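Inspection log for the structure reproduced underneath, given as structure tokens.
Owing to the predicted nature of the structure, the values given are computational and were not obtained by experimental measurement. Only this structure's heavy atoms are used, side chains among them; waters, hydrogens and symmetry mates stay out. Position 1 is the first residue of the sequence; numbering continues from there.
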Amino acid sequence: MKITGIGNALLDVLIRLESDKTLRKLGLEKGAMDLIDESKMKEIQGLESRLPRSEAPGGSVSNTMRSLARLGATVGYIGKIGNDKTGEIYEKETAKAGVHTHFVQNEGVSGCSTVLVSPDGERTMATYLGLAATLNDAEITDNMLDGYDCIYVEGYLISNEKLFLPVLQRAKKAGLKIALDLANFNIVNGFRDLLKEVIPEYIDILFSNESEAEAFTGLPAREAIRELLKMVDISVVTIGKDGALAGRGNDVVKVNAHKVNVLDTTGAGDNFAAGFLYGYAQGASTEQSAQIGALLAGNVVETMGAQIESGRWEKINLKVCEILRK
């Protein structure tokens with residue numbers, strides 16, 4: 001099974017701060033995630049240009065697709081970038097990870113999420129969506145969807161009226177399985193009525209975390225998953241340090257989280273989805289797929305950032321093979 005993803009193409013620029021004075025100078029609340037304009041983005045990145053920084057493709061579905069590629073899956077990614085240095089880096093690094101890129105590129109500024117890491121490890125995010133948020137269905141060609149069996153859709157796209165529903169309709173008509181990540185409990189609260197229409201009609205696989213599942217159903221996670229399974233074929237609800245619940249039909253399994261030294265939880269859900277979708281693509285059971293998801297999530301939280309360190313993948317792939325042989 002070949003899987004493609006669609007999401008907001010945002011380059012992550014991670015900057016390690018010497019103190020929180022920088023946050024106060026910029027007028028940013030520590031630990032918050034704010035949407036900013038282009039001038040604010042340039043101010044933030046220029047203010048501390050001497051500090052150590054790293055750049056990597058970001059956006060939740062992009063993170064998932066790159067980890068899927070490292071597992072050996074055939075994957076693609078659809079997004080929108082500008083004809084600038086940021087867009088160039090994003091496309092180059094995504095392709096380098098083994099993902100087939102299907103980018104719409106226009107004149108303008110690419111999306112960027114600046115992540116300011118305080119000395120205590122807490123992250124403050126300032127996101128400029130740029131061209132990423134202007135992607136529309138008319139820009140997505142049939143060739144971008146041809147050859148894929150499943151499409152993974154980023155929940156944040158629900159606010160893009162010219163993209164979200166039209167893409168779901170096209171994917172359904174083309175016979176693709178559709179997976180959706182609920183993204184954030186604020187998204188659920190803001191678009192609950194639309195989600196209640198869309199999910200039963202279009203979605204085959206639904207990913208959510210505990211707070212998102214509870215916001216959508218009004219039920220605790222362990223009850224919420226049963227409610228969600230009335231709407232979709234497969235539902236996965238991650239429950240942090242307690243692991244995850246995964247269900248198909250009337251069967252629900254729980255997998256435990258790996259006991260690890262947690263450094264940074266960024267990307268845990270994205271990598272869980274990658275592991276689960278890989279298992280699904282291989283025809284594995286729901287429990288096996290969830291175990292692979294837990295394996296990837298356990299590895300990414302031991303590293304800084306949303307991607308698993310390259311040196312870990314050999315052992316991960318060996319462990320995945322063991323899970324699939326059970």
Side-chain angles (χ1 to χ4, degrees), residues 5-17 20 22-49 53-64 77-82 84-87 89-90 103-118 122-136 139 153-165 167 180-192 194-195 208-209 211-212 215 264-267 269-270 305-306:
I6 182 167
N8 287 320
L10 304 172
L11 187 72
D12 284 343
V13 178
L14 189 145
I15 302 174
R16 299 180 187 277
L17 301 179
D20 290 336
T22 302
L23 298 177
R24 292 191 288 272
K25 191 184 300 183
L26 291 166
L28 298 173
E29 181 185 351
K30 184 176 180 179
M33 181 172 66
D34 293 319
L35 289 177
I36 59 172
D37 59 20
E38 183 182 353
S39 62
K40 188 68 172 180
M41 176 187 70
K42 290 179 177 178
E43 177 191 357
I44 292 170
Q45 294 186 9
L47 185 66
E48 300 291 353
S49 57
R53 64 185 61 202
S54 60
E55 299 172 328
S60 65
V61 168
S62 173
N63 295 335
T64 299
Y77 181 72
I78 302 167
K80 189 171 183 178
I81 56 176
D84 53 5
K85 186 66 175 178
T86 297
I89 294 170
Y90 198 100
F103 285 114
V104 175
Q105 188 172 30
N106 282 2
E107 293 279 339
V109 181
S110 300
C112 180
S113 181
T114 307
V115 184
L116 302 165
V117 185
S118 295
E122 187 164 0
R123 292 173 166 231
T124 302
M125 300 178 69
T127 300
Y128 172 63
L129 293 174
L131 284 175
T134 68
L135 180 64
N136 64 75
E139 295 174 310
V153 182
E154 189 171 294
Y156 288 110
L157 298 183
I158 196 169
S159 61
N160 186 339
E161 294 180 5
K162 294 182 179 180
L163 178 64
F164 185 69
L165 189 54
V167 162
L180 174 70
D181 169 35
L182 285 184
N184 184 285
F185 71 89
N186 287 324
I187 290 290
V188 176
N189 288 330
F191 295 92
R192 186 181 290 104
L194 178 56
L195 286 168
S208 61
N209 63 27
S211 63
E212 294 154 8
D264 178 13
T265 60
T266 306
D270 303 338

Closest non-hydrogen atom pair between A9 and F103, with its separation: CB-CE2, 4.2 Å
By salt bridge (Lys or Arg N to Asp or Glu O under 4.0 Å) - contacts of D34 (at least two apart): none
Under the salt bridge (Lys or Arg N to Asp or Glu O under 4.0 Å) test, residues paired with E38 that sit two or more places apart: K42
side-chain hydrogen bond (donor to acceptor under 3.5 Å, both in side chains) partners of S159, counting only residues at least two apart: none
Over all atoms of both residues, closest heavy-atom pair of I187 and G155: CG2-O, 3.9 Å
Can you give the donor-acceptor pairs under 3.5 Å from side chains of residues 107-114 to other protein atoms, not counting sequence neighbours?
{"from": "E107", "atom 1": "OE1", "to": "N83", "atom 2": "ND2", "distance (Å)": "3.0"}
{"from": "E107", "atom 1": "OE2", "to": "N83", "atom 2": "ND2", "distance (Å)": "3.1"}
{"from": "S110", "atom 1": "OG", "to": "G82", "atom 2": "N", "distance (Å)": "2.7"}
{"from": "S110", "atom 1": "OG", "to": "D84", "atom 2": "OD1", "distance (Å)": "2.7"}
{"from": "S110", "atom 1": "OG", "to": "G87", "atom 2": "N", "distance (Å)": "3.2"}
{"from": "S113", "atom 1": "OG", "to": "T127", "atom 2": "OG1", "distance (Å)": "3.1"}
{"from": "T114", "atom 1": "OG1", "to": "Q45", "atom 2": "NE2", "distance (Å)": "2.9"}

T22 and L116, any side-chain heavy atoms less than 4.5 Å apart: no
Residue pair I6 / L135, side-chain heavy-atom distance below 4.5 Å: yes
Test ring pair (Phe, Tyr, Trp, His ring centres under 6.0 Å) applied to Y156 - qualifying residues, sequence neighbours left out: none
Evaluation steps, side chain to side chain contact (heavy atoms under 4.5 Å, CB included), between N209 and F185: CA-CA 9 Å; N209 63 27; F185 71 89; 5.8 Å; no
Side-chain donor or acceptor of N8 paired with backbone N/O of L10 under 3.5 Å: no
Side-chain donor or acceptor of T134 paired with backbone N/O of G130 under 3.5 Å: no
Heavy-atom side-chain proximity of L157 to V167 below 4.5 angstrom: no
Contact summary for G5 and V61, nearest pair of heavy atoms: CA-CG1, 3.6 Å
Nearest heavy atoms of D37 and Y128, plus distance in Å: C-CD1, 3.6 Å
Heavy-atom check, side chain of P57 versus side chain of Y77, under 4.5 Å: no
Flag, side chain of K40 to backbone of L26, donor-acceptor distance under 3.5 Å: yes
Donor-acceptor contact below 3.5 Å, side chain N160 vs main chain A133: yes
Atom of N63, atom of A306 and distance for their closest heavy-atom approach: ND2-CB, 3.5 Å
Partner residues of E161 under the salt bridge (Lys or Arg N to Asp or Glu O under 4.0 Å) criterion, sequence neighbours left out: none
Point-to-point distance, once rounded to the nearest 0.5 Å, from CG of L163 to CD of E139: 9.0 Å
NZ (K162) with more than 12 external heavy atoms under 6.0 Å: no
Inter-residue atom distance M125.CE - L35.CG, 0.5 Å rounding: 10.0 Å
Side chain to side chain contact (heavy atoms under 4.5 Å, CB included) evaluation trace for L17 with T124: CA-CA 11 Å; L17 301 179; T124 302; over 6 Å; no
Heavy-atom check, side chain of E43 versus side chain of I36, under 4.5 Å: no
Steps toward side chain to side chain contact (heavy atoms under 4.5 Å, CB included) verdict (I158, L195): CA-CA 9 Å; I158 196 169; L195 286 168; 3.6 Å; yes
CD-CD1 distance between E154 and I78, expressed to the nearest 0.5 angstrom: 12.5 Å
Polar side-chain atom of R16 near backbone of S54 as donor-acceptor pair, under 3.5 Å: no
Atom pair CG (D12) and CZ (R53), whose distance is rounded to the nearest 0.5 Å: 13.5 Å
